[in-house]
Amino acid sequence: MITQESIEALKNQLDIVEVVSHYIEVKKMGSSYKACCPFHQEKTPSFVLNANKGYFHCFGCGVSGDSIKFVMDYEKLNYAEALEKLAQIYNIHLEYTEKAKKSDDFKILNFMNEYYHSMLNSEIESYIKERGITTETKKHFELGYAPNNFEIMAHLQRNLINLQDALNVGILGADIENGTKRYYARLTQRLIFPIRSAQNKIIGFGGRTLGNHPAKYINSPQTKLFNKSQILYGYPQAKESIYRLKEIIITEGYLDVIMLHQAGFTNAVATLGTALTHEHLPLLAKGEPKILLAFDGDNAGSNAAFKAANLLSIANKEGGVVLFDNGLDPADMVKNGEIEALKNLFNAPIPLVDYVLETILSRFDLNHAVQKDNCLKESLTYLHQLSPVIQEEYKTWLAQRLNLPAHLIKTQSARKHFAQNHSTQNLQSNQNSFCSLAEKIIIKSILEDMNLLDFALNYLEPKMFYSEKLAYQKLLQGDLESSSLIGILLDSKIKPQNKENLKQQIIMILYRYYNEQRKSLLRNPSLSLREKSFLIRKYQKYLEDLKKGDLAIYESISSF
Ligand SMILES: [Zn+2]
């Protein structure tokens, strides 16, 4: 562990502008610094740095934090690794309390990785060679071999590995037989592919049978370290290329990844026998690469490609689909030396939206009016989830393909699209947006002058806030590094106010809140008419006082 003293010494040196400039281009604009956000795609900079406060914040995607957070996010490192990276940049020596103890889980997984690797014998080696894998590639991807159950169990026991611990990390499984637990190795007589996390730690294994086992591939089960639907096989090996090329190739298999890397496509990764899911999106957002889906052309593959293209295009990702036909997969093509053909395929993917629409179209018989109508409906349901610009782009395309006049292809306006995707903001009235601004002004003023907090607390509870409830809560908890607070702090449009001017903002918030309360009273079925009229008069009085500029100390409904 790094000592607290040296963490503090490092933190004192950190300059957010310097740190961010180390990675991306930063421009000085007036008194602040701006850049195009490295965490989402944009052409006009909304990524703001505040040198005095030491924070960054993106007004486009909402990320924020300090120098350490930036390095963690940008380099995909954990806290300690980010500190080490920064110490390197600033040429500062870090002190450690003791050799950082690796958790036992990683110890067992590393131990097994070495063991599997050491079990490669000439028979396995010749299988590897036969598949076209070179010695170098074999080492780069740390291929290994899992022998039979008896040998693995004996090896674990010889090395005094706790079997329950080995079960917890997915190396072993267990049956209960006559009341006793019987452990067994999950992967046996298989070629082993160690699976590393984005942080390059072994978290599981994949195994390909070398016998006649009906399951060709088996992975480690889901464990606390290994979440199949977040992980991409080969990511640590591909990471650098993904950032450099701004492109990632997603395949369906270990061998595809390995062979593509061997052929120079070092940005290839694979899903782990699962579909591409929402949980993969954070990893795919890193470096903002274009996403190529390199899937099998059979039914299962093209269905998976359809789902993935759907998911990615709705998430506003750029990319395309490449399907491999005639039973060939990328691994076969590399083995056959068809590198040029592969290059051509990767250079001409079917764009994601085209692929989704083509697939929808292919499911209907467009010679029948009813089917054509259904096809149009399904296409529009999909299209309406995309941005208005993309909808417009595909309007003519769809009209042509369906042989329909363009006015029948109804796109959704930007406002409607926005409203649909932000339904809570649908009802946003002018009054509410004024309140939202007032809330931000109050929070910013307190951030600049903590003495104002007591004043605000006299009147305002988090529940009275309309849009900045969370930020106000964080403020009360003293969690000043939360991104909602940093966003307000760095927003130059929000001007902090003194105590006297804050009164006006507080009144605005209270007015909206009590007015809402009054309205909800009317709808409350559990109150008698008498109670209702009493409370409504009480609220009415409050609201009138507020209109006159009278700030009453807050009373909650329960105290009425
Ligand atoms: Zn951003």
Side-chain angles (χ1 to χ4, degrees), residues 14-77 79 82 85-86 198 230 239 242-248 278-291 311-319 385-390 414 417-418 421-422 424-425 436 440 443-444 447 467-468 470-471 474 479-494:
L14 296 178
D15 173 343
I16 187 76
V17 179
E18 240 172 72
V19 171
V20 174
S21 309
H22 184 80
Y23 295 96
I24 58 174
E25 194 189 352
V26 172
K27 285 195 183 109
K28 192 167 190 325
M29 289 185 175
S31 61
S32 64
Y33 294 84
K34 280 190 173 181
C36 281
C37 178
F39 304 112
H40 84 279
Q41 202 137 29
E42 63 173 7
K43 296 215 168 65
T44 44
S46 45
F47 187 82
V48 177
L49 304 175
N50 186 311
N52 293 332
K53 316 262 184 215
Y55 289 127
F56 68 90
H57 180 78
C58 173
F59 290 99
C61 67
V63 292
S64 55
D66 59 6
S67 297
I68 299 167
K69 176 83 183 345
F70 181 83
V71 174
M72 287 169 73
D73 289 354
Y74 193 89
E75 295 242 35
K76 300 169 290 297
L77 301 173
Y79 184 71
K85 180 79 202 184
L86 282 163
Q230 285 175 345
K239 181 165 130 180
I242 294 167
Y243 273 73
R244 187 165 39 84
L245 303 169
K246 294 241 167 243
E247 185 186 275
I248 183 169
H278 272 112
E279 291 183 79
H280 285 115
L281 292 179
L283 194 54
L284 289 174
K286 300 196 184 239
E288 285 291 325
K290 237 195 207 171
I291 300 163
L311 171 81
L312 293 173
S313 55
I314 291 171
N316 217 1
K317 301 282 173 200
E318 214 190 326
Q385 296 175 75
L386 308 178
S387 84
V389 178
I390 296 175
H417 176 82
F418 185 80
N421 289 293
H422 303 81
T424 50
Q425 288 165 28
S436 159
K440 285 181 183 157
I443 290 169
K444 185 146 183 178
L447 284 170
S467 69
E468 302 305 323
L470 180 72
K474 295 281 178 195
D479 185 2
L480 301 183
E481 310 225 324
S482 101
S483 74
S484 44
L485 288 180
I486 294 173
I488 293 170
L489 188 65
L490 299 197
D491 189 340
S492 57
K493 289 194 292 294
I494 296 165

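First listed ligand is number 1; within each ligand, the first listed atom is number 1. Nothing fancy with the numbering, it's 1 onward along the sequence.
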Mind checking the CG-CD spacing from L86 to E18? Nearest 0.5 Å is all I need.
11.0 Å

Do any N or O atoms from the side chain of K34 and from the backbone of V48 form a donor-acceptor pair under 3.5 angstrom?
no

In the protein, how many N/O/S atoms are under 2.8 Å from the Zn ion (ligand 1)?
4

Do the two ring centres, one from F59 and one from H57, sit under 6.0 Å apart?
yes

In Å, rounded to the nearest 0.5 Å, how long is the span from CD1 of I443 to CG of D491?
12.0 Å

Interatomic spacing from CG in D66 to CE in M72 - rounded to 0.5 Å:
9.0 Å

With sequence neighbours left out, what residues match P38 under side chain to side chain contact (heavy atoms under 4.5 Å, CB included)?
I24, F47, F70, Y74

